[in-house]
Structure formats: structure tokens, C-alpha cells
Amino acid sequence: MPERLKTYFGDAENEPAQQVSKAVPDPAPEEAGRKKKRSKRKRDQPADEEQPPRNHEPIHKEPVKAPSPVVEKVVPEPAERNGEIVQQQTLSKSQQKPKSTYQSKPKTLDSKTNFSSLREKANNLYEQRKKLPIFGHADEIRQKLRDQDVMLLVGETGSGKSTQIPQFLVNEFWCRPTDTKITKKDGSEKLVKVGGCIAITQPRRVAAITLARRVAEEMGTPLGSSSPAILRVKFLTEGMLLQEMLHDPWLTKYSAIVVDEVHERGVNVDLVTGFLRNLVSGNKEGRGGVPLKVVVMSATADMESLQGFFQEGFKLEVEEQKRIQNGSAKAEKEDEKVKDISVCHIKGRQFPVKTIYSPEPVHDFVDAALKVIFQIHYKEPMPGDILVFLTGQETVEALEHLVNEYAIGMDPGLPKILVLPLFAALPQAAQQRVFMPAPPRTRKIVLSTNIAETSVTVSGVRFVVDCGKAKVKQFRSRLGLDSLLVKPISKSAAIQRKGRAGREAAGQCFRLYTEKDYLTLDETNTPEILRCDLSQALLNMKARGVDDIVRFPFLTRPPRETLEKALLQLLNIQALDDTGSISKIGQHIAKLPLTPTLGRVLLAAAEHGGDCLTDVIDIISCLSVENIFLNANSEEKKEAAETARRDLYRREGDHLTMLATVRAYAAENADRKAWAERHLVSHRAMQSVMDVRKQLRTQCRQAKMLPADQRNDHFPDPSPILILQSFLGGFATNTARLVPDGSYRTVVGNQTVAIHPSSVLFGKKVEAIMYNEFVFTNRTYARGVSAVQMDWVGEALAASG
DNA sequence: GAGCACTGC
């Protein structure tokens with residue numbers, strides 16, 4: 001082992017790694033035993049209280065218009081282990097998107113043989129399900145939810161909660177649709193079906209699809225919109241549930257909502273929990289009094305705040321009841337409920353992972369990681385891949401070069417190493433390499449950003465190296481500035497990273513920080529609602545009839561200043577009127593899958609006619625997905641791409657360059673993928689662009705903003721002035737003017753801002769610029785930049801008041 | 001001269 005790489009975590013002499021690995025129990029015999037048992041039991045009939053899956057009869061015999069499909073067979077067959085889904089892969093956004101055209105009528109549905117093969121598969125899976133840690137808790141969980149409407153569940157990784165909970169509940173008596181009288185606003189009564197369906201929300205689309213597929217298999221039903229099961233169990237993202245609530249604020253389709261992975265605390269989950277608290281503790285008038293059951297599930301034990309959160313809701317309700325009924329019997333009964341929001345803990349199924357801390361604080365974690373990687377590789381037996389958590393593409397690539405460099409001088413008798421970078425901006429093919437097993441006598445070393453913490457599971461990993469840091473986006477509302485800074489992770493993130501070493505066998509986690517430092521970390525991640533621009537969240541709430549934002553039950557209340565800033569922003573784009581109520585414009589924007597600002601631009605463009613709107617939709621689609629332009633990692637490639645891209649560049653700036661790119665991509669009918677590669681454009685990003693574009697076009701046609709018969713090949717010359725002026729309709733405050741010293745200063749706030757190097761206007765000097773984003777990394781940058789005239793800016797600012 | 005991760009009909 002090279003001298004330089006020795007001793008990061010103590011000398012080889014002092015802490016022989018061989019001993020460490022021997023100290024770890026060998027899981028192999030246990031595994032073998034389990035397998036044997038499984039195959040024996042397969043022949044037996046299940047004896048448990050839980051019935052094996054049957055073909056679920058559709059509840060509604062008459063044809064029912066299926067809800068939008070959530071699932072589609074696009075996910076690679078998940079490798080199953082211990083009855084648990086272990087493979088989550090990043091799919092391109094377009095692959096992830098359910099396409100309603102895909103499975104209008106699966107051919108298999110009429111075939112009896114197919115149903116029986118589905119049943120057979122389900123029966124086999126049932127044996128695995130019974131072994132999940134959660135399975136023995138089924139009755140307890142059912143009983144609790146019969147008694148109360150809210151349950152909290154802590155389920156560690158591998159407990160099986162996401163797949164089993166819906167199946168435990170779906171045949172409960174309270175989960176049947178009930179014919180219910182609902183009093184409408186005008187006083188008339190209507191008979192409607194309430195309930196019957198269970199929704200399970202996930203933070204990510206891939207997870208929703210993977211889980212839906214798995215549960216369909218376990219239940220022995222076909223997957224998708226035509227499956228009878230879709231009427232009962234539905235996996236969707238938090239955002240999709242919010243979108244459904246726009247049309248059905250009382251969630252009348254559902255008997256229960258299961259909120260999964262709440263510990264990740266994205267903005268949407270905070271909104272969902274707030275709305276659900278109002279639904280479970282209010283008078284349920286919109287549901288005709290039919291209760292809604294809510295299960296909130298988390299992988300981390302921090303449940304006290306959630307418990308308090310829902311109890312507070314019931315307490316307020318009881319107070320309200322008491323006030324109205326003056327302490328009647330009903331209110332007393334409700335009082336009991338308050339005391340009784342139970343928390344259910346389910347152990348996970350993980351192999352033990354030994355934690356090894358750095359004895360000294362680490363200054364350069366790339367260098368430290370390099371040493372640890374080789375220490376592991378020299379001392380630990382195969383197999384056992386290494387997963388290294390770093391902060392970003394830059395550190396990933398730096399370490400990649402270093403490891404490859406050192407590997408050249410490695411003892412040739414040692415196993416080979418294969419270094420694989422992993423980050424979201426990586427082209428699809430390169431990402432896929434991470435999932436392939438390493439060749440024989442080769443150790444895989446995956447150098448990853450946060451993407452491997454939650455979104456992607458790499459198999460074969462037994463060693464995790466954790467630098468203890470991550471890049472975090474933080475919105476500073478006062479400056480309207482997003483900063484992307486390297487920050488220490490939380491304890492729960494550190495635990496999550498460590499857990500990645502124990503998915504398949506006992507593992508080790510090397511933390512590139514001291515134990516003392518670990519103890520000073522925050523317990524949990526900062527909820528996103530404290531870190532981001534809230535204008536979209538607020539508009540969502542306003543569109544759902546929440547007039548008093550201050551009284552909305554936030555799981556974590558954002559600072560007043562952030563809320564005020566967001567309200568001001570919505571006022572500026574006329575999404576709210578002077579009284580703070582949502583305007584017609586706001587109603588319209590809330591239905592678009594866009595930030596309020598981009599939504600406003602779309603409406604502004606519509607005033608300039610269909611051609612302008614069509615062009616603006618193309619640009620907005622680019623701005624609302626990840627970066628469409630890739631970066632070459634070699635000079636050679638870069639030059640080739642620059643040449644190929646030249647015909648796409650527009651001197652007006654990035655907005656029109658994006659338009660040219662979308663048009664060229666859309667016009668390419670032969671091989672779009674090859675076109676994208678030639679131009680060093682991300683094919684994956686462009687697929688998402690085309691999806692968003694299609695959605696927006698459809699919505700605009702429905703709103704009569706675009707003619708119904710418009711065709712894709714209708715391409716008149718764009719009008720840059722109208723396009724950029726439309727953008728100023730939303731981005732008037734995202735502008736800067738050139739000052740005599742050659743730098744740019746923001747028109748509002750007079751902040752210095754530099755054009756981002758990725759912009760086509762980088763290094764150029766124009767009278768004024770309009771930008772899509774204002775970000776701080778090493779300095780303040782404007783990203784997504786176009787040249788504008790100061791008098792347009794003045795007009796736009798005056799128009800927005 | 002530079003790009004944490006997600007999401008939305």
C-alpha cells in the first residue's frame with residue numbers, strides 16, 4: 001500500500017481490518033436456512049390470520065372511469081430479497097411519466113390463464129410477505145385504525161411498511177365506499193359515494209411506480225388504470241395528491257391516506273399533512289361526515305412533533321365542539337381521541353454496520369476518502385463494493401481522477417478496481433453502469449452525490465465512506481437569492497448513508513469526521529419549507545381555499561418574513577388581488593405544473609397571440625427541467641460540441657437559444673438521441689422538456705389560449721421582442737443593468753451579479769439583462785440570461801406595481 | 001469559467 005495512503009483510521013497494525021471483518025457475524029448460514037424454510041413452506045397453505053391474496057372483485061361493477069394511471073410497466077424487474085424491493089433506479093423523466101395512452105386495454109385482462117398466473121405469483125409472494133417484520137403487526141395496526149382516525153408508524157428500512165400497510169387496510173369495513181348525502185353550497189342534497197380507495201404518497205415518482213408494481217403483484221391483480229385494484233390502492237407522489245385536492249378538496253374518493261417517508265420533509269409533504277389535519281379534525285361536511293383515516297409513516301423515530309401536531313388539531317376541534325355544544329357527550333368522546341394518537345414502531349431488517357470515525361478532524365475530505373478507499377481495498381476481502389458520499393460533481397470527478405491515478409501503482413496481485421461516478425447530471429448510460437455488478441475480481445467504487453442517499457440504491461455495497469457534508473440549497477427571501485452551499489449533514493442523513501452498507505450483508509461505515517463532530521450534528525434535515533421560496537406553496541393553498549395562511553397548520557411554521565415575501569411576489573404577478581384573495585390569474589396559474597412566475601409568463605405570452613405562446617411554452621419547458629446542456633469532460637468533445645451547437649446559439653441570450661434547441665430537437669425525426677449526443681444536449685432532459693411542453697400545450701388548448709387544431713410543425717419565425725417582453729411579465733424584478741465599471745447591478749436592490757459561465761451571454765456586455773435564477777455559489781450569478789432593454793424593464797416594473 | 005437532490009395534468 002502506498003505510504004501516503006496509510007493510516008487514516010489508525011494504523012493497520014493498531015486496528016487490523018481483518019479482525020474487524022471477522023468480528024462481524026457471517027450472515028450466510030442464516031440466509032441459507034431462511035431460503036430452505038421458504039421453499040418448504042411454499043407447498044403449505046398459509047396458516048396465518050391474513051388471508052392469501054384472492055382476485056379482488058371490483059367494488060363497482062359498472063364501468064368506472066379510472067383515475068389517472070399512476071403506474072406503468074416501465075420499471076425494470078425489481079430484484080427481490082426478503083420480500084423487499086431493493087432496486088430503485090433513476091429513470092429518465094419521460095420513462096417515469098405515466099403515459100395514459102400506454103395501457104388503455106391490456107390484452108391480458110380477459111384471459112383467465114393470466115389471472116391464474118397472477119394469483120399463483122401472488123401466492124408465492126405471500127410466503128415472503130409473511131416474513132416481513134411488519135407482518136406480525138397487521139392485527140394491531142388494523143385494530144388501532146378501527147379505534148382512531150390517525151396513526152403514526154415508525155418503520156425502519158426493510159420493515160415492509162410501504163407495501164404491506166395498504167394491503168392490511170384495504171379490506172377493512174371502513175374502507176368500503178359509502179353512499180352519503182352531502183349538502184351542497186346551495187343547500188341542495190346530493191347522494192355520492194365516499195371512500196373505498198387508499199392512497200399512499202411517496203416523495204418520488206420512481207418509488208411510487210416501483211411500489212405500485214410490487215403491490216399489484218402481491219395482490220395478484222393487473223397493474224394500471226384498468227386493474228380493479230387501482231380503484232382500491234393508489235400510489236402517487238405528494239404533488240399529485242395536492243393536485244387531486246384542487247378538484248376534490250375533501251378527498252371523497254379515499255377512505256385512507258397513507259403518507260410515506262414523511263421524514264424527508266419536502267414542501268409538499270408539509271402541505272399534505274396540514275390539509276390532512278384539517279380533514280381529520282374538522283366536521284367533514286364535504287365527506288358527508290365519513291371519516292378519513294390517516295397513517296403517517298417515517299423511517300426515523302422523530303414522531304413526537306407529528307403526534308403533537310395531530311393532537312393539536314383534535315384539541316382545537318374539541319374546544320370548538322365544547323364551545324358549540326357546551327360540553328356534551330360527543331365532545332367528551334372526542335376528548336379521548338386526543339389522548340390517543342398511537343405510535344407504532346416496527347423494527348427493520350438490516351444487517352449490522354460497524355461505524356468507524358476519523359480520530360482527527362478532516363480538512364480535505366477528498367484526500368481522506370482516497371486513503372480510506374485504498375485502506376479498505378487493501379485489507380478487506382472481496383466481495384464488497386464501496387460507496388463514497390461526496391458533495392457534488394466537482395469532488396466526485398476530482399476523487400475519480402485520484403483513485404484511478406493511484407490504482408495504476410497498485411499491487412498487481414490485488415483485485416482490480418472500477419471507479420464509477422454517480423450524480424444526477426450524468427448521462428443515462430453512465431448512470432446505468434453503477435447498477436451492473438462488477439466484473440470478476442473487481443471491486444466497484446461508486447463516487448456519489450446525495451443521489452445515492454435516497455433516490456438510488458446501489459447493490460453490492462458493503463462499505464460506505466461518508467464525508468459528512470452535502471450541498472444544500474437555501475433561499476434567502478430578502479435578496480430573492482438561492483444559495484447552494486456545502487453544509488454538514490444531519491444525524492438522520494448520516495444514519496441513512498451508513499445504512500447503505502447493510503442492505504445485503506454486514507458492512508462498515510467510515511465517517512470522515514470525528515465522533516464528537518457527529519454528536520454536534522442536527523438530529524434531522526432542515527425541512528425544505530424553511531429553505532425555499534414559498535410562492536408556489538402559498539398559491540397552492542390559496543387555490544384550495546386557505547385564505548388565512550397564518551392559521552394554516554404547518555408541521556413547521558416558516559418565518560413570517562418568508563411568507564410575506566411570497567405573498568408579495570404573488571401580488572406582484574397579480575396572482576392575488578389587493579385583499580390577498582386569489583385572482584382569476586392566480587386560479588389559472590395554480591393549475592399549471594409550473595412555478596407561479598413561469599405560469600405568469602405563460603399568461604403574459606398568451607396576450608401576444610398563439611405563435612408567441614407556443615414559443616414561450618418551449619422556453620418555459622426548458623426552464624422548468626434540469627439543465628438541457630451537458631458539459632463535456634474533455635477539451636476535444638467540448639470543441640466538437642461547440643461547433644455543433646453554434647447554429648443553436650442566439651445572441652439575444654439563453655431564452656432564445658433554448659427555443660432554437662427545442663425546435664431543432666422537435667424537428668429531428670430520424671434519431672433524436674443521436675442528435676442530442678451530437679449537440680451535447682441531455683437527451684433525458686429533452687424528453688422531460690417535450691413532456692412538459694405537451695402538457696402545457698394541452699392545457700392551453702383546453703383554456704382556448706391556443707387553437708385546438710394547432711400542429712407541431714407550425715413554425716413561424718419567433719419574435720424575440722414579444723417573447724422577452726412576455727418573460728418580463730413575470731421576471732421584471734429579475735433584472736440587472738450594466739454599470740460603468742462593466743459589472744451588472746440588479747435593478748431592484750442594486751446587488752452585484754455576474755452572468756453565469758454557462759450562459760451564451762457570458763463575458764458579453766449589454767444594456768440590461770433578465771435572468772431566470774439568482775444563485776450564490778462562490779459568488780452571485782445570474783443563470784438563464786437574456787439581453788433586454790431598460791425601457792422594457794421600466795414598463796414591466798410599472799405594470800406590476 | 002461552473003452545475004446537491006426532488007416535484008407538478
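Chain A is the first sequence line, chain B the second, and so forth, proteins listed ahead of strands; every chain is numbered from 1.
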Report the residue (A/Q699 or A/K471) whose heavy-atom-nearest nucleotide on DNA chain B is the more 5′ of the two.
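The residue whose closest nucleotide sits nearer the 5' end is A/K471.
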
Using heavy-atom distances to pick each residue's nearest nucleotide on DNA chain B, tell me which of A/F423 and A/L592 is more 5'.
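Of the two residues, A/F423 wins.
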
Nucleotide [N], atom [atom2] - distance to [atom1] of [X] in whole Å:
| X | N | atom1 | atom2 | result |
| --- | --- | --- | --- | --- |
| A/L484 | B/dC6 | CG | P | 14 Å |
| A/L594 | B/dT7 | CG | C1' | 12 Å |
| A/F762 | B/dG3 | CZ | P | 12 Å |
| A/E397 | B/dG1 | CD | C1' | 15 Å |
| A/L242 | B/dC6 | CG | P | 19 Å |
| A/L271 | B/dG8 | CG | P | 14 Å |
| A/K487 | B/dA5 | NZ | P | 17 Å |
| A/R497 | B/dC4 | CZ | P | 13 Å |

Please answer whether the main-chain N or O of A/H655 pairs with a side-chain N or O of A/S786 as donor and acceptor at a distance below 3.5 Å.
yes

Under 3.5 Å donor-acceptor, A/Y781 side chain and A/P757 backbone:
no

Among [options], which is the nearest nucleotide to the side chain of [X]?
| X | options | result |
| --- | --- | --- |
| A/N627 | B/dT7, B/dC4, B/dG3 | B/dG3 |
| A/S455 | B/dC9, B/dG1, B/dA5 | B/dA5 |
| A/I451 | B/dA5, B/dC9, B/dG3 | B/dA5 |
| A/Q393 | B/dC9, B/dA2, B/dC4 | B/dC4 |
| A/M240 | B/dC6, B/dG8, B/dC4 | B/dG8 |
| A/Q695 | B/dT7, B/dC9, B/dG1 | B/dC9 |

Look at atom CD of A/E639 and say whether more than 12 heavy atoms of other residues, nucleotides or ligands are closer to it than 6.0 Å.
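Open: at most 12 neighbouring heavy atoms sit under 6.0 Å from CD of A/E639.
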
Applying a 4.0 Å non-hydrogen cut-off, can you work out what A/A470 is touching in the nucleic acid: base, sugar-phosphate, or nothing?
nothing

Which part of the nucleic acid does A/E394 contact within heavy-atom distance under 4.0 Å: base, sugar-phosphate only, or nothing?
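Nothing, no heavy atom under 4.0 Å.
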
Check whether any side-chain N or O of [X] sits under 4.0 Å from OP1 or OP2 of [N], and answer yes or no.
| X | N | value |
| --- | --- | --- |
| A/R779 | B/dA2 | no |
| A/H756 | B/dG1 | no |
| A/T777 | B/dG3 | yes |
| A/S758 | B/dG1 | no |

Carboxylate-amine/guanidinium proximity below 4.0 Å for A/K498 and A/D466:
no

Checking A/F552 now: which residues fulfil ring pair (Phe, Tyr, Trp, His ring centres under 6.0 Å) with it, not counting sequence neighbours?
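With neighbours one apart ignored, the set is A/F275, A/F554.
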
Taking the six-membered ring of A/Y518, is the NZ or CZ of A/R511 close enough (under 6.0 Å from the centre) and on axis enough (within 45°)?
yes

